[in-house]
Protein chains: 2
Amino acid sequence: MIDSIENLKEILKEKGYKLTPQRRAILDTIIKNQGEHLSTEEVYDYVKKDCPEIGLATVYRTLQLLDDLGVITKINLDDGCARYELNINSEDHQHHHLICSKCGNILEVEVDLLEHLENEIQKNYDFEVKDHKVKFFGLCSKCK
Amino acid sequence: MIDSIENLKEILKEKGYKLTPQRRAILDTIIKNQGEHLSTEEVYDYVKKDCPEIGLATVYRTLQLLDDLGVITKINLDDGCARYELNINSEDHQHHHLICSKCGNILEVEVDLLEHLENEIQKNYDFEVKDHKVKFFGLCSKCK
DNA sequence: ATACAGTTGAAACTGATTATCAATTTAAAA
DNA sequence: TTTTAAATTGATAATCAGTTTCAACTGTAT
Ligand SMILES: [Mn+2]
Ligand SMILES: [Mn+2]
Ligand SMILES: [Zn+2]
Ligand SMILES: [Zn+2]
């Protein structure tokens with residue numbers, strides 16, 4: 001969805017928000033670490049290299065804001081803290097995660113394959129599906 | 001999976017745990033409120049009627065224990081606290097949840113319909129799926 | 001009845017997240 | 001470019017779910 005810092009300013013301006021060096025640095029960090037699922041503290045540690053004076057509260061606030069704006073997505077890996085990842089396709093549904101119960105490694109699943117299930121849900125429950133969160137637990141190739 | 005308090009004692013005994021009035025009362029509460037997704041505090045409030053002297057720490061400990069034993073399942077509805085529900089079929093996968101973004105109502109989906117997706121995952125990622133957590137977000141029949 | 005391991009409740013503690021607030025900064029207007 | 005108002009920041013305190021500690025208590029096997 002977001003190509004670079006260039007259009008972050010536009011996205012912010014639309015809602016009356018300002019582009020600050022802190023916000024820029026935080027998004028830079030997330031883009032640079034694409035593929036990771038960073039916690040707030042982890043983003044804080046990374047971003048301090050570019051922006052040593054930044055406060056942890058600002059990181060919490062900014063990640064929440066970027067999530068509200070649809071730039072990033074908050075995910076829950078049941079490890080006691082929120083994690084975030086960059087949104088690639090804003091239109092598309094959130095991708096699935098495979099979580100290895102043994103080594104804790106996270107794999108991402110590109111295919112969605114939920115159309116059939118979602119159609120059944122629309123039909124049987126009269127529920128209009130907008131998005132989903134899907135986690136699979138099990139053993140990865142190395143651990144089984 | 002669990003029929004009544006009768007076999008809770010057996011399940012506990014197998015692992016060297018004891019059947020206490022507190023554990024009995026907590027499971028009673030969960031059985032009585034089947035279909036709800038109770039938080040620890042909510043279980044605490046209900047169970048105090050039968051067991052007024054019970055401590056909140058005991059409720060936390062017992063819910064965790066029952067989850068470990070496979071009697072109940074912890075679920076995360078992104079509202080800041082853990083919630084639990086009785087396990088009906090221990091063998092089967094956890095059922096799906098439909099969460100209305102407007103009214104917050106939770107619907108349960110009986111059909112699984114994930115075999116195809118799970119087969120693709122086994123094949124393409126060499127990942128052995130044991131269980132899953134699936135949440136759909138959208139609008140329920142009343143809200144759309 | 002005894003013994004002992006498991007359990008309890010109260011209270012202190014932890015760790016993630018949020019709220020507060022005075023000082024600072026952005027962005028738009030003058 | 002200066003002015004201005006609203007948004008933002010960092011430090012700190014506060015909150016809140018959940019965990020730990022520990023002395024007193026209880027369930028169960030013998
Ligand atoms: Mn991911
Ligand atoms: Mn349910
Ligand atoms: Zn693994
Ligand atoms: Zn609704």
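A note on names: the letters A, B, ... follow the listed sequences, proteins ahead of strands, and every chain is numbered from 1.
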Distance check needed: [N] [atom2] versus [X] [atom1], whole Å only.
| X | N | atom1 | atom2 | answer |
| --- | --- | --- | --- | --- |
| A:Lys15 | C:dT26 | NZ | P | 22 Å |
| B:Leu77 | D:dA17 | CG | C1' | 16 Å |
| A:Ile54 | D:dT8 | CD1 | C1' | 11 Å |
| B:Leu65 | D:dT19 | CG | P | 13 Å |
| B:Ile26 | C:dT7 | CD1 | C1' | 12 Å |
| A:Leu63 | C:dA16 | CG | P | 15 Å |
| B:Arg23 | C:dT8 | CZ | C1' | 10 Å |
| B:Tyr44 | D:dG18 | OH | C1' | 14 Å |

*Answer yes or no for B:Lys135 and B:Phe137: cation-pi contact, defined as NZ/CZ to six-membered ring centre under 6.0 Å and angle to ring axis within 45°.*
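Here B:Lys135 fails the 6.0 Å and 45° test against B:Phe137.
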*Cationic tip of A:Lys49 above A:Tyr46 ring, under 6.0 Å, 45° of axis*: no
*Residue met sooner reading DNA chain D from 5', once A:Thr58 and B:Cys81 are mapped to nucleotides*: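 The residue closer to the strand's 5' end, by nearest nucleotide, is A:Thr58.
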_Judged by each residue's nearest nucleotide on DNA chain D, which is more toward the 5′ side, B:Lys18 or B:Gly80?_
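The residue closer to the strand's 5' end, by nearest nucleotide, is B:Gly80.
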Check whether any side-chain nitrogen or oxygen of [X] sits under 4.0 Å from OP1 or OP2 of [N], and answer yes or no.
| X | N | result |
| --- | --- | --- |
| A:Gln22 | D:dG10 | yes |
| B:Tyr60 | D:dG18 | yes |
| B:Arg61 | D:dT19 | no |
| B:Thr20 | C:dT8 | yes |

_The side chain of B:Lys9 is closest to which nucleotide in this list: C:dT7, D:dA17, D:dT28?_
D:dT28
*Quick one: which of D:dG10, D:dT20, C:dG6 gets closest to the side chain of B:Ala57?*
D:dT20
_Short side-chain to backbone donor-acceptor contact, B:Asn76 and A:Asp78, under 3.5 Å_ =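 No.
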*Return the orientation label for the A:His132 and A:His93 ring planes: parallel under 30°, perpendicular over 60°, tilted otherwise.*
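Perpendicular, since the angle between the ring planes exceeds 60°.
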*NA contact type, B:Leu19, heavy-atom cut-off 4.0 Å: base, sugar-phosphate, or nothing?*
sugar-phosphate
*For the pair A:His37 and A:Ile75, evaluate side chain to side chain contact (heavy atoms under 4.5 Å, CB included) and give the outcome as yes or no after the intermediate values.*
CA-CA 8 Å; A:His37 303 98; A:Ile75 56 182; 3.1 Å; yes
